[in-house]
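Written out below as structure tokens is the structure these notes cover.
When a ligand or atom number is given, it counts from 1 through the structure's own listing order. Given the structure is predicted, the values throughout are model-derived calculations rather than measurements.
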Amino acid sequence: MSVPISLEHVTHAYRTKAGPLPVLDDLSMDMPEGSFTAVVGPSGCGKSTLTRLIAGLMKPDQGIVRLGGQPVTGPRKTVGMAFQNPVLLEWRSILENVMLPLEIVGGASRTQRQDRARELLALVGLDGFEDKRPSELSGGMRQRASLCRSIVHRPEVLILDEPFGALDAFTREDLWQTMDDLRRIERFTCVLITHDLRESVFLSDRTVVFSARPARAQRVVEIDLGDHRTLEDLYAPKAVALLADLRREIQIAQGREVAPAAPKQAEAS
Ligand code: ADP
Ligand code: MG
């Protein structure tokens, strides 16, 4: 199950001692159900703020956020979240950590909760580690467990705020593959915040480039590379052109001078 996410003219400012800090400026976005949207943009532009608004942890000053057409008025059980630092509870085993959202949502028996958690841990290659404590796992394995926990209750919406940012490059690429597999099996509408353009091209259906603060959706780039992408696909001319396009757009967002785009024939040769 998944639902569409929409933002309609969302504007928000934080109140700080120095006065209001405008963070989002008339932001409108549409994310179809089951889609995977990546958001990239300059540091501090308002990306995490966007995730808090979608999760219902905060209300915007103006505008509406909708999940499945319904205005978001507070936190929902049907949203899953994962962050850069997987906050796993050290006094619980990996299995018990993954089961936690099911305990909070309620409705399933202990056996059902265990079966569901085991199923997901097996999907991400953590079978055999169910009884370990978080500190006994590597960073990449902890992030895998954290991903399982974020989707164990079958959320309609999954929000990922730089979940792979702290991992080394090879581990990160393994996790992309895992994420892609999970997405096909579990079906949620996903929003991924990242500063890694290759990650956004590998995983997303579309990548939205945010301007510097206050963030607007400066550009939406459709990542039409088909399903079941491989790492090799990132070196194909089409992906390379998308990466170059995104890189340019980020430089514009950062207010840097940008050389004119390469002529279109160059992509085909
Ligand atoms: P990003 O995730 O794109 O780096 P954030 O959405 O976290 O950016 O923050 C956007 C801006 O708002 C930053 O300048 C940040 O310092 C500021 N900010 C974030 N949260 C708060 C808050 N609770 N109160 C005041 N300012 C905040
Ligand atoms: Mg952030």
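Contacts between T49 and ligand 1 below 4.0 angstrom, taking non-hydrogen atoms only, involve backbone and side chain alike. With a heavy-atom cut-off of 4.0 Å, M58 does not touch ligand 1 at all. Contacts between R213 and ligand 1, counted as non-hydrogen atom pairs separated by less than 4.0 Å, involve the side chain only. At a 4.0 Å heavy-atom cut-off, ligand 1 touches L21 through the side chain alone.
Polar contact with ligand 1: absent for T16 (N/O pair, distance under 3.5 Å). In terms of N/O distances under 3.5 Å, ligand 1 is not approached by V23.
Within the 4.0 angstrom cut-off, atom 16 (O) of ligand 1 has no protein heavy-atom neighbours. The protein reaches atom 19 (C) of ligand 1 closely, with a heavy atom under 4.0 angstrom from it.
No more than 12 heavy atoms of other residues, nucleotides or ligands lie within 6.0 Å of CZ in R247, so this atom counts as exposed by the packing criterion.
At the shortest separation from atom 27 (C) of ligand 1 among protein heavy atoms lies Y14 CD1, 3.4 Å. Protein heavy atom in closest approach to atom 10 (C) of ligand 1: G44 O, 3.3 Å. Remark: minimum distance from atom 7 (O) of ligand 1 to any protein heavy atom is reached at S48 CB, 3.5 Å. What sits closest to atom 8 (O) of ligand 1 on the protein, heavy atoms only, is G46 N, 3.3 Å.
Under 4.0 Å is where a charged nitrogen must lie from a carboxylate oxygen, and between E33 and R187 no such pair does.
Of all heavy-atom pairs between V201 and A239, the closest is CG1-CB, 4.4 Å. Closest heavy-atom contact between L147 and A82: CD2-CB, 4.4 Å.
In summary, of the residues considered (R113, E186, E119, R116), a side chain to side chain contact (heavy atoms under 4.5 Å, CB included) with V152 occurs for R116 alone. Tested against F129, the residues E136, R144, M141 include a single side chain to side chain contact (heavy atoms under 4.5 Å, CB included) partner, M141.
Residue R52 approaches ligand 1 through these ligand atoms, each under 4.0 Å from one of its heavy atoms: 7 (O), 20 (N).
Remark: the backbone N or O of T189 is not paired with any side-chain donor or acceptor of S35 at under 3.5 angstrom. With R15 contributing its side chain and A13 its backbone, the two residues share a donor-acceptor pair below 3.5 Å.
With no hydrogens or angles considered, a side-chain donor-acceptor pair links H195 and E162 at under 3.5 Å.
Residue contacts to the Mg ion (ligand 2): T51 brings no N, O or S atom closer than 2.8 Å.
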